[in-house]
Peer 1: 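Before we start, here is the structure in question, set down as structure tokens.
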2 protein chains.
Amino acid sequence: MPRPKTRIQLRNSETILEAALDVFSSQGFRGATLDQIAEVAGLSKPNLLYYFPSKEAIHQTLLTRLLHTWLDPLREMDPNGDPVAEIMGYVRRKLELSRNFPRESRLFAIEILQGAPRMRAAIEGELTELVAEKALVLQRWMDEGRIARLDPVHLVFSIWALTQHYADFDVQVRTVLGEGHDPYAEAGAFLETLYARLLAP
Amino acid sequence: MPRPKTRIQLRNSETILEAALDVFSSQGFRGATLDQIAEVAGLSKPNLLYYFPSKEAIHQTLLTRLLHTWLDPLREMDPNGDPVAEIMGYVRRKLELSRNFPRESRLFAIEILQGAPRMRAAIEGELTELVAEKALVLQRWMDEGRIARLDPVHLVFSIWALTQHYADFDVQVRTVLGEGHDPYAEAGAFLETLYARLLAP
DNA sequence: GCAACATCTGACCATCCGGTCAAAACCCAT
DNA sequence: ATGGGTTTTGACCGGATGGTCAGATGTTGC
């Protein structure tokens, strides 16, 4: 029952988490059922509960993993690099995250939307601290006149909002755009322009 | 049972919708229970079902109302007005909507996040048409050199993303900002700067 | 090939939840 | 005040759902 030890445990734990991500991200926590997850995973319900003690535990594991993937691109923003290039790099990485991990993005969004009942601690701690740290870097860049003067925290919010939108509101984006569009490619170009203009000192 | 006729029917229907908005927007459709809604409304569960035929029907009523509130600010964008002022006005109205109707915003977000199972038609129809119409106006403004050349649809997406973020991710925004901030006032100032810089020809 | 342990499952349980219904309580025009 | 309609409710139902458990089936080291 403890976390992965044998090959089988590792494989099945992963299968379950993969299936759970599918279901949780499209139905929310309460909307998801163990039967659904079991079916997607190709395992029996009691078998899920052999690997994880509860539905809660599966969800919690997903959220914990998520947070790291989530914050890494911001962590990588180098205080010693070129300001515009660093911020652009962050935007690009975050957009890639939306493109490659839309389910993770939606899982996160649902959690926050519902008041972050199972993630408060992480948001109050790790996330807030990281933003505070990077806001200082942004502030310094502004003070040095290397980028335009803006509220650094809201600048970060804008990046989150604009990149996550494409994963979280995917259905809407694709419907409005219609056939024959590559939303992410277009978004990349649009955001490039947007931040170039916004950041120019 | 049909929609409001007597005073009591009107009052109770409203009470129920108000309570349902509270619960649906914070728990999602499946997460919400009739018992919860009944409790918030101060009515008994069977009494809810005297006014609405089902849980679905309550939800559907909310979504239908929502769509109008939602699209109105975009409708108001005047093709004959001053381009920058009109777009800024739309941004401001949309941000006001987030501030004054965060629950509606979250209800909408949850619906789209989960693939818009109960709103597809409206999105494919009304919403897509309105965006197409306004995109033409934006395109014309660009062709006339009155605002910068951008992808007009993604410009609209950016407004949606940036304004809704403050309602949908309220918990995160407030946590990261900490005490002593007025998120919406700051967001207003930030977005003013952002769109001024982005739209300048 | 076999013991010891890991993995898996069918059957089952308690609870929750959307919805029904018959009857009670209420309201109000006459 | 009384009768007819409206509103409200307690009791109940059937199905879904998270979780349990005893035992069956597999796997592995010897």
Side-chain angles (χ1 to χ4, degrees), chain A residues 1-64 107 110-111 114 117-118, chain B residues 1-64 107 110-111 114 117-118:
Chain A
M1 296 103 123
R3 218 38 50 76
K5 275 202 305 206
T6 75
R7 303 290 146 74
I8 294 182
Q9 273 169 15
L10 197 81
R11 181 172 51 83
N12 282 351
S13 295
E14 284 313 312
T15 307
I16 292 168
L17 288 172
E18 170 68 20
L21 177 57
D22 240 56
V23 180
F24 281 136
S25 70
S26 67
Q27 318 271 349
F29 180 76
R30 285 220 47 192
T33 73
L34 286 179
D35 289 291
Q36 269 178 95
I37 298 173
E39 193 186 327
V40 174
L43 299 171
S44 70
K45 182 170 62 168
N47 207 5
L48 294 199
L49 294 162
Y50 172 72
Y51 290 100
F52 291 89
S54 66
K55 185 184 175 184
E56 271 286 341
I58 302 178
H59 193 249
Q60 196 59 58
T61 304
L62 284 174
L63 285 184
T64 306
L107 185 69
I110 291 180
E111 175 66 14
Q114 308 196 343
R118 307 157 215 273
Chain B
M1 297 100 123
R3 217 38 49 77
K5 274 203 303 203
T6 75
R7 302 291 146 73
I8 294 182
Q9 273 168 13
L10 198 81
R11 180 170 52 81
N12 281 353
S13 295
E14 283 313 310
T15 307
I16 291 168
L17 288 172
E18 170 68 20
L21 177 57
D22 239 58
V23 179
F24 282 135
S25 71
S26 67
Q27 318 271 345
F29 180 76
R30 285 219 48 190
T33 72
L34 287 178
D35 288 290
Q36 270 179 94
I37 298 173
E39 195 187 326
V40 173
L43 299 170
S44 69
K45 181 170 63 166
N47 208 5
L48 295 199
L49 294 163
Y50 172 71
Y51 289 100
F52 291 89
S54 66
K55 184 184 176 185
E56 271 286 339
I58 302 178
H59 192 249
Q60 195 60 56
T61 304
L62 284 173
L63 285 185
T64 306
L107 184 68
I110 291 181
E111 175 67 13
Q114 308 196 344
R118 306 157 216 273

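Note on naming: letters A, B, ... go to the chains in the order of the sequence lines (proteins, then strands), and numbering restarts at 1 for each one. What's counted below: heavy atoms across the whole structure, side chains too, no hydrogens, waters or symmetry copies.
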Peer 1: Specify the separation, in whole Å, of atom CD1 of Ile58(A) and atom C1' of dG19(D).
Peer 2: 12 Å
Peer 1: Measure NZ/Lys55(A) against C1'/dA16(D) and give the value in whole Å, please.
Peer 2: 11 Å
Peer 1: Whole-Å distance between dT7(D) C1' and Phe52(B) CZ?
Peer 2: 15 Å
Peer 1: Please state whether the phosphate of dA6(C), meaning OP1 or OP2, lies under 4.0 angstrom from any side-chain nitrogen or oxygen of Gln9(A).
Peer 2: no
Peer 1: Give me the distances for all protein-to-nucleotides 9-15 of chain D N/O pairs that come in under 3.5 Å?
Peer 2:
residue: dT9(D); atom: OP2; partner: Ser44(B); partner atom: OG; Å: 3.1

Peer 1: Between Leu43(A) and Tyr50(A), is there a side-chain heavy-atom distance shorter than 4.5 Å?
Peer 2: no
Peer 1: List the residues meeting side-chain hydrogen bond (donor to acceptor under 3.5 Å, both in side chains) with Glu39(A), not counting sequence neighbours, and say none if there are none.
Peer 2: none
Peer 1: Taking only residues two or more places apart in sequence or in another chain, which ones pass salt bridge (Lys or Arg N to Asp or Glu O under 4.0 Å) with Lys55(A)?
Peer 2: none
Peer 1: Holding to side chain to side chain contact (heavy atoms under 4.5 Å, CB included), I want the full list of residues that pass it with Ile110(B), two or more places apart in sequence or in another chain.
Peer 2: Leu113(A), Gln114(A), Gln114(B)
Peer 1: Considering only heavy atoms, which members of residues 27-38 of chain A lie under 4.0 Å from some atom of DNA chain D?
Peer 2: Ala32(A), Thr33(A), Leu34(A)
Peer 1: Can you name the residues that form a side chain to side chain contact (heavy atoms under 4.5 Å, CB included) with Asp35(B), not counting sequence neighbours?
Peer 2: Thr33(B), Lys45(B)
Peer 1: In whole Å, I'd like the distance from the CG atom of Leu49(A) to the C1' atom of dC13(C).
Peer 2: 14 Å
Peer 1: Quick one: side-chain hydrogen bond (donor to acceptor under 3.5 Å, both in side chains) partners of Gln60(A), sequence neighbours excluded?
Peer 2: none
Peer 1: Can you find a pair of side-chain heavy atoms, one from Glu111(B) and one from Pro117(B), that are under 4.5 Å apart?
Peer 2: yes
Peer 1: So Phe24(B) and His59(B), would you call those rings parallel, tilted or perpendicular, with 30° and 60° as cut-offs?
Peer 2: perpendicular
Peer 1: Would you indicate whether the side-chain heavy atoms of Tyr51(A) and Ile58(A) approach each other to under 4.5 Å?
Peer 2: no
Peer 1: Among all residues two or more places apart in sequence or in another chain, which pass the side-chain hydrogen bond (donor to acceptor under 3.5 Å, both in side chains) test with Arg118(A)?
Peer 2: Glu56(A)
Peer 1: So which pairs with a foot in residues 18-28 of chain A pass side-chain hydrogen bond (donor to acceptor under 3.5 Å, both in side chains), sequence neighbours left out?
Peer 2: Glu18(A)-Arg103(A), Asp22(A)-Arg103(A)
Peer 1: Identify, residue by residue, the members of residues 16-26 of chain B with a heavy atom below 4.0 Å from DNA chain D, and return them in order of residue number, or none.
Peer 2: none
Peer 1: Under 4.0 Å from OP1 or OP2 of dA6(C): is there any side-chain N or O of Asn12(A) that close?
Peer 2: no
